[in-house]
Amino acid sequence: MKSLWKVIVVDDELLVRQGIKHLLNWEREGYRIAGEASNGMEALDLVRELKPHLILTDIVMPVMGGEEFVRIVKERYPEIEIIVLSSFSEFDYVRSTFQSGVADYILKPKLEADYLLSVLNRTTAKMAALHAAGPEERSADRSLELAVEKLLTGYEADIDPELVRAKFPSPRFLLFGAEMKKAKDTEAKKRFAAELEKKMDRLDIGRTVHLRLKQVADGALFLLNFDPKYEGELLLALRRIAQDLVTERGRGIHFLIGHGFADFYQLGKVYREHYTKLARYCFYLPDRLILEHSHLPNRPDPSPGFDLGELTELLKRKQFAKAFADFQANMSRRAKDYTADIFEFKSLLGNFIFNVTTTLGKMKFEIGPLEKTKYDFFRAIDEAAYASEAIYVVDRFLAEAGAIVEGPQQQVNPNMANLLEYIHEHYAEPITLAEVARKFHFNASYLSSYFASHNREGFNEYLNRIRLEKAKERLLTTDDAISDISESVGYSDQSYFTKVFKKMTGVSPSRYRRQHAAEMRKL
């Protein structure tokens with residue numbers, strides 16, 4: 001019978017401990033809750049008595065907190081792995097526990113069965129691998145892992161340079177990974193990360209070696225060490241890996257390729273100042289599969305600031321259309337600058353909703369519906385994975401606000417006006433929804449719903465209607481062949497053109513021409 005991994009749970013709240021105990025069918029998954037404690041001091045007695053394999057511990061507790069508890073356990077029992085439970089406000093404490101060598105951490109809002117199990121399995125897999133290695137190899141690998149953990153979390157790493165050189169014999173380093181925190185399906189993320197790791201294990205270029213950095217949450221991150229003369233070949237291989245996985249990726253997964261660096265001890269600085277920036281750029285570049293440090297798109301000119309005071313004045317003067325259109329245009333420009341601060345971007349959207357609602361209320365408009373829904377809008381903006389999704393929330397708000405002030409903003413929608421103008425200018429070209437989405441920096445699926453909600457018909461329906469209007473005009477005013485007219489309005493396939501024409505008009509192009517020619521002769 002397979003032995004179970006022993007776990008103890010340390011938290012000062014009884015309900016939390018009970019919740020964790022009932023979150024999983026522990027024994028079915030290969031684990032056993034061996035004990036529980038309400039603070040670090042009680043837990044030390046349990047550790048001494050039970051010798052657990054794993055500890056789940058809170059950070060802020062009475063008598064002895066998690067920070068001190070972790071330090072003592074790792075000093076006395078380095079083979080025990082510890083997973084820290086924390087809230088957002090306790091991140092500084094979490095950083096200090098990484099210096100002591102914790103295996104992972106879980107934010108309490110994410111303490112769900114699937115996610116907890118994935119962290120447990122990842123940690124025990126690492127423990128099993130270390131156990132299979134020889135004592136010297138386990139010690140060296142663990143020392144190196146601890147050094148990497150410290151560097152990534154902003155601490156200096158005291159490690160034998162010879163050990164680093166033995167693991168990483170080449171003079172160049174690179175960070176590569178998949179950023180997955182915007183993806184929703186936990187199981188799909190695990191499968192995707194496992195498949196990515198398999199492909200990395202098969203990477204065979206020069207003396208390139210890689211190390212999976214296990215403690216990075218919601219992603220798969222690899223440190224690569226390589227000979228500079230193979231850099232071009234390596235980058236091509238990483239791009240191929242990303243392309244190979246593209247059919248399996250779900251929305252919210254992006255591949256990141258950082259810039260090369262020469263000093264292992266600069267890993268933390270490179271990670272914080274460069275790699276994490278690439279991850280943030282995904283917010284503004286939802287359709288970009290690979291974000292590569294040396295191949296980023298050109299940045300637009302800086303967007304002018306938006307004056308909320310001027311917005312208020314426009315609203316007071318009942319210039320609603322201009323106020324709303326100016327804001328939409330400003331946000332559309334801002335969303336094209338992928339380096340813009342995400343928090344500031346979302347804050348401006350939230351402040352706009354707050355100011356509009358407050359001002360309309362002071363103007364004696366009936367804002368009851370907005371008051372009921374504004375917090376839903378705030379939450380949706382905060383949870384938006386991409387800039388286009390956050391802007392769409394504001395568009396929904398404006399639809400409600402417009403109804404309250406008799407919908408003046410419906411007269412001016414710069415985003416839709418620009419889209420329609422582009423279609424009218426390029427209808428004769430083989431344009432597609434995906435191409436137009438890239439042109440205007442939209443996500444394709446978002447553009448589809450956005451277009452339909454603002455134009456009362458879908459993108460393809462609208463494009464076909466414009467093309468057929470142009471075709472009907474040429475059928476009645478020229479003697480050009482049907483095939484020439486078909487090509488001139490954007491249809492390279494005459495049979496498809498005829499099919500679409502007949503579907504929308506009820507007759508074929510040639511019959512349409514004959515019917516109208518006969519009517520003209522009667523006049």
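Just the heavy atoms: all of them, side chains too, but no hydrogens, waters or symmetry mates, feed the values below.
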When rounded to the nearest 0.5 angstrom, what is the spacing between [atom1] in [X] and [atom2] in [Y]?
X	Y	atom1	atom2	value
Phe327	Leu308	CZ	CG	7.0 Å
Phe377	Phe352	CZ	CZ	11.5 Å
Leu238	Phe176	CG	CZ	5.0 Å
Leu211	Leu224	CG	CG	9.5 Å
Ile391	Ser332	CD1	OG	6.0 Å
Tyr275	Leu223	OH	CG	11.0 Å

Checking the side chain of [X] only, and the main-chain atoms of [Y] only, is there a donor and an acceptor separated by less than 3.5 Å?
X	Y	answer
His274	Val270	no
Arg272	Gly268	yes
Asp382	Phe378	no
Lys6	Ala34	no
His53	Glu81	no
Lys74	Ile80	yes
Tyr230	Arg207	no
Tyr422	Lys439	no
Glu68	Met64	no
Asp12	Ser38	no

Side-chain touch [X]/[Y], heavy atoms, less than 4.5 angstrom:
X	Y	result
Leu348	Arg334	yes
Leu245	Glu195	yes
Asp227	Thr208	no
Leu116	Ile83	no
Tyr271	Gln266	no
Ile59	Tyr105	no
Pro52	Leu46	no
Val436	Leu419	yes

Might you work through the side-chain hydrogen bond (donor to acceptor under 3.5 Å, both in side chains) test for Tyr31 and Asn25, ending with a clear yes or no? CA-CA 9 Å; Tyr31 302 89; Asn25 185 332; over 6 Å; no

Aromatic plane relationship, [Y] with [X] - under 30° parallel, 30 to 60° tilted, over 60° perpendicular:
X	Y	value
His210	Phe222	perpendicular
His259	Phe261	perpendicular
Phe173	Phe264	tilted

Heavy atoms only: give me the nearest [X]-[Y] pair and the separation to one decimal.
X	Y	value
Phe69	Gly40	CD1-O, 3.6 Å
Ile205	Ala237	CD1-CB, 3.5 Å
Trp26	Lys21	NE1-O, 3.1 Å
Phe459	Thr432	CE2-C, 3.8 Å
Leu23	Ala113	O-CB, 3.6 Å
Pro286	His254	O-CE1, 3.2 Å

Evaluate Tyr284 against Lys336 for side-chain contact (heavy atoms from CB on, under 4.5 Å), listing each step before the verdict. CA-CA 7 Å; Tyr284 296 101; Lys336 296 174 184 177; over 6 Å; no

Check the surroundings of atom [atom1] in [X]: do more than 12 heavy atoms from other residues, nucleotides or ligands lie under 6.0 Å from it?
X	atom1	value
Lys269	NZ	no
Glu310	CD	no
Tyr265	OH	yes

Would you call Arg71 and Glu75 a salt bridge, taking side-chain N to carboxylate O under 4.0 Å as the test? yes

Taking 4.0 angstrom as the limit, do Arg48 and Asp45 come out as a salt bridge?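 Looking at Asp45 together with Arg48, the answer is yes, because their closest N to O distance falls below 4.0 Å.
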
What verdict does the side-chain hydrogen bond (donor to acceptor under 3.5 Å, both in side chains) test give for Asp395 and Gln328, after you've listed the backbone C-alpha separation in whole Å, the side-chain angles of each residue and the deciding distance to 0.1 Å? CA-CA 8 Å; Asp395 288 342; Gln328 287 177 304; 3.1 Å; yes

Could you tell me if the ring centre of Tyr338 sits under 6.0 Å from that of Phe345?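 Centroid separation for Tyr338 and Phe345: 6.0 Å or greater.
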
Is the closest side-chain donor-acceptor distance between Asp287 and Tyr386 under 3.5 Å? no

Listed partners of Asp337 passing salt bridge (Lys or Arg N to Asp or Glu O under 4.0 Å), at least two apart: Arg299

The test is side-chain contact (heavy atoms from CB on, under 4.5 Å); show your working for Asp11 and Thr57 and say whether it passes. CA-CA 6 Å; Asp11 195 295; Thr57 182; over 6 Å; no

Under the salt bridge (charged side-chain N to carboxylate O under 4.0 Å, His left out) rule, what do Glu36 and Arg17 come out as? Steps first, then yes or no, please. CA-CA 7 Å; Glu36 57 182 284; Arg17 299 199 305 271; 2.7 Å; yes

For Asp376 and Arg379, run salt bridge (charged side-chain N to carboxylate O under 4.0 Å, His left out): C-alpha distance rounded to whole Å, both residues' side-chain angles, the deciding distance at 0.1 Å, then the answer. CA-CA 5 Å; Asp376 292 332; Arg379 182 165 52 253; 2.5 Å; yes

What verdict does the side-chain contact (heavy atoms from CB on, under 4.5 Å) test give for Ile381 and Glu389, after you've listed the backbone C-alpha separation in whole Å, the side-chain angles of each residue and the deciding distance to 0.1 Å? CA-CA 8 Å; Ile381 289 171; Glu389 293 178 359; over 6 Å; no

Checking side-chain contact (heavy atoms from CB on, under 4.5 Å) for the pair Leu174/Leu235: CA distance, chi angles, key distance, verdict? CA-CA 10 Å; Leu174 180 77; Leu235 291 175; 4.2 Å; yes

